[in-house]
Amino acid sequence: MTPFNIIVAMDPDRGIGKDGRIPWQLKGDLRHFREMTTTTRDKNKRNAVIMGRRTWDSLPDPFRPLPGRINVVITRNEQLRLPEGVMKAGGLAQALELLDEKGIRKTCETVFVIGGAQIYEQAVRLKGCRMIFSTQILHSFPCDTFFPPFADCFYQTSASQRHKEDRIEYLFAEYRRKDSGQPQAV
Ligand SMILES: NC(=O)c1ccc[n+]([C@@H]2O[C@H](COP(=O)([O-])OP(=O)(O)OC[C@H]3O[C@@H](n4cnc5c(N)ncnc54)[C@H](OP(=O)(O)O)[C@@H]3O)[C@@H](O)[C@H]2O)c1
């Protein structure tokens, strides 16, 4: 299976969303997300972002598809129409298979699962999920959508200094799968 990483922003209760949106607006976190998911070591390659259909729907028009990245949307709706170049998959396994196909594998460097809750829930269980890049929002928000518990299978490898925006403090933490063997480049 294609190895992949998760990227997420969550509050202290693992809240990630409310009413189909992300409850906070933090420029530093958006910049971090863009840099993490876009930057490649090989300038001839792109990274891929896999997301659930609801997360796709939640992206503002100017950022849909997310530029500079291979976008893959997971849906059960075979009729769903997506812009040219955006890939559609009937599940997470199929999304990873599509990215493993010869033509794409050569041009795709790192795969990120970017949400939402339904897709994270499936992704954390897969051994192919190597790292979780988490923005820890240090303030509780009312949320109706949550990241699944993950402490049993992942351990923290780093945490950044705290950042503050509009009185909201946050930091960037990284977690590695416990049974993923030797640390690997991501
Ligand atoms: N804080 C963060 O980092 C972050 C990141 C991303 C999203 N979010 C938030 O999370 C919320 C959205 O999450 P969500 O859990 O409601 O939705 P989601 O995971 O983004 O998308 C759910 C949709 O994915 C498809 N899907 C899920 N499992 C599937 C399967 N096994 N096979 C085929 N298709 C499948 C279905 O699409 P169809 O209905 O089309 O079949 C389902 O309705 C929003 O509030 C969003 O803002 C937060």
Side-chain angles (χ1 to χ4, degrees), residues 1-2 4-38 47-67 69-83 86-99 110-126 128-129 131-150 154 159-160 163 165-166 168-175:
M1 174 178 284
T2 310
F4 66 90
N5 302 319
I6 281 175
I7 186 160
V8 60
M10 67 177 102
D11 84 351
D13 309 310
R14 281 184 280 102
I16 64 163
K18 174 93 167 80
D19 299 330
R21 310 189 54 167
I22 294 177
W24 46 84
Q25 288 190 320
L26 298 167
K27 284 189 184 142
D29 180 46
L30 290 175
R31 191 167 52 243
H32 176 75
F33 174 84
R34 189 179 63 244
E35 286 172 4
M36 288 292 294
T37 56
T38 309
N47 294 327
V49 286
I50 300 177
M51 71 199 91
R53 193 266 308 159
R54 289 191 196 160
T55 294
W56 167 261
D57 283 348
S58 76
L59 295 177
D61 270 345
F63 303 105
R64 199 168 65 172
L66 289 168
R69 288 148 281 189
I70 301 165
N71 285 232
V72 188
V73 178
I74 298 179
T75 179
R76 293 185 182 89
N77 179 0
E78 288 174 14
Q79 318 304 327
L80 181 71
R81 294 187 61 156
L82 294 167
V86 176
M87 298 166 74
K88 181 162 70 176
L92 180 55
Q94 194 192 0
L96 294 166
E97 275 165 27
L98 286 174
L99 293 170
T110 306
V111 178
F112 291 92
V113 166
I114 65 164
Q118 291 185 31
I119 306 303
Y120 287 142
E121 182 84 45
Q122 299 162 48
V124 290
R125 294 199 207 131
L126 296 179
C129 178
M131 299 287 296
I132 298 174
F133 298 103
S134 170
T135 303
Q136 313 273 125
I137 314 289
L138 305 173
H139 172 94
S140 287
F141 284 80
C143 289
D144 59 16
T145 320
F146 296 85
F147 193 81
F150 63 101
F154 291 83
S160 73
H163 303 269
E165 253 178 80
D166 297 334
I168 301 168
E169 284 197 285
Y170 62 97
L171 56 84
F172 302 114
E174 298 185 4
Y175 298 84

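Here, residue 1 is the first one in the sequence, and each next residue gets the next number. Atoms within a ligand are numbered from 1 in the order they appear, just like the ligands themselves.
A distance-only check finds a donor-acceptor pair linking the side chain of Arg14 to the backbone of Phe147 [under 3.5 Å]. Not a single donor-acceptor pair under 3.5 Å links the side chain of Thr75 to the backbone N or O of Arg53. In this structure, the side chain of Gln118 does not engage the main chain of Gly52 through any donor-acceptor pair within 3.5 Å. For Glu174 (side chain) and Met131 (main-chain N/O), no donor-acceptor pair under 3.5 Å exists by modelled atom type. Put simply, the side chain of Arg31 never gets that close to the backbone of Asp29: no donor and acceptor are under 3.5 Å apart. Proximity of a side-chain donor or acceptor of Asn47 to a complementary backbone N or O of Arg69 within less than 3.5 Å is not detected. Between the side chain of Thr55 and the main chain of Gly116, a donor-acceptor pair closer than 3.5 Å is present. In this structure, the side chain of Asn71 does not engage the main chain of Val86 through any donor-acceptor pair within 3.5 Å.
Close contacts of ligand 1 with Ile119, meaning ligand atoms under 4.0 Å from a residue heavy atom, involve 19 (O), 27 (C), 28 (N). With ligand atoms numbered from 1 in the order given, ligand 1 contributes 6 (C), 7 (C), 10 (O), 13 (O), 15 (O), 18 (P), 19 (O), 20 (O) to contacts under 4.0 Å with heavy atoms of Gly116. Near Gly20, meaning under 4.0 Å from any of its heavy atoms, are these atoms of ligand 1: 44 (C), 45 (O), 47 (O). Heavy-atom proximity to Ala9, at under 4.0 Å, picks out these atoms of ligand 1: 1 (N), 2 (C), 3 (O). Residue Val8 approaches ligand 1 through these ligand atoms, each under 4.0 Å from one of its heavy atoms: 3 (O).
The protein atom (non-hydrogen) at minimum distance from atom 32 (N) of ligand 1 is Gly90 O, 3.1 Å. In this structure, the protein non-hydrogen atom closest to atom 23 (C) of ligand 1 is Arg53 N, 3.7 Å. Thr55 OG1, 2.6 Å is the protein heavy atom nearest to atom 20 (O) of ligand 1. For atom 14 (P) of ligand 1, the closest non-hydrogen atom of the protein is Ala117 N, 3.8 Å. Atom 16 (O) of ligand 1 has Arg54 NH1, 3.2 Å as its closest protein atom, hydrogens excluded (heavy atom only). Scanning the protein for heavy atoms near atom 38 (P) of ligand 1, the closest one is Thr75 OG1, 3.4 Å. Protein heavy atom nearest atom 29 (C) of ligand 1, with residue, atom name and distance: Arg76 NH2, 3.5 Å. Closest to atom 27 (C) of ligand 1, if we only count protein heavy atoms, is Gln118 OE1, 3.1 Å.
Below 3.5 Å of separation, one finds an N or O of Ile16 facing an N or O of ligand 1. Where the criterion is an N or O separation shorter than 3.5 Å, residue side chain and backbone included, Gly91 fails it with respect to ligand 1. Checking only distances, Gln122 does come within under 3.5 Å of ligand 1, N or O to N or O.
Taking a 4.0 Å cut-off on heavy atoms, Glu121 fails to register as neighbouring ligand 1. The shortest heavy-atom distance from Leu80 to ligand 1 is not under 4.0 Å.
Looking at Leu96 and Ile50, their side chains come closer than 4.5 Å, going by heavy atoms from C-beta outward.
A distance of 6.0 Å or more separates the ring centres of His32 and Phe133.
When non-hydrogen atoms are compared, ligand 1 lies under 4.0 Å from neither the backbone nor the side chain of Met51. Of the heavy atoms in Tyr120, only side-chain atoms (C-beta onward) come closer than 4.0 Å to ligand 1. In Ile114, the part holding a heavy atom less than 4.0 Å from any atom of ligand 1 is the backbone. Contacts between Arg21 and ligand 1 below 4.0 angstrom, taking non-hydrogen atoms only, involve the backbone exclusively.
Residue Gln25 qualifies as open at atom CD: its count of foreign heavy atoms under 6.0 Å is 12 or below. Other residues, nucleotides and ligands contribute at most 12 non-hydrogen atoms within 6.0 Å of the CG atom of Asp166.
One finds a salt bridge joining Arg64 and Asp61 here, because a Lys/Arg side-chain nitrogen approaches an Asp/Glu carboxylate oxygen to under 4.0 Å.
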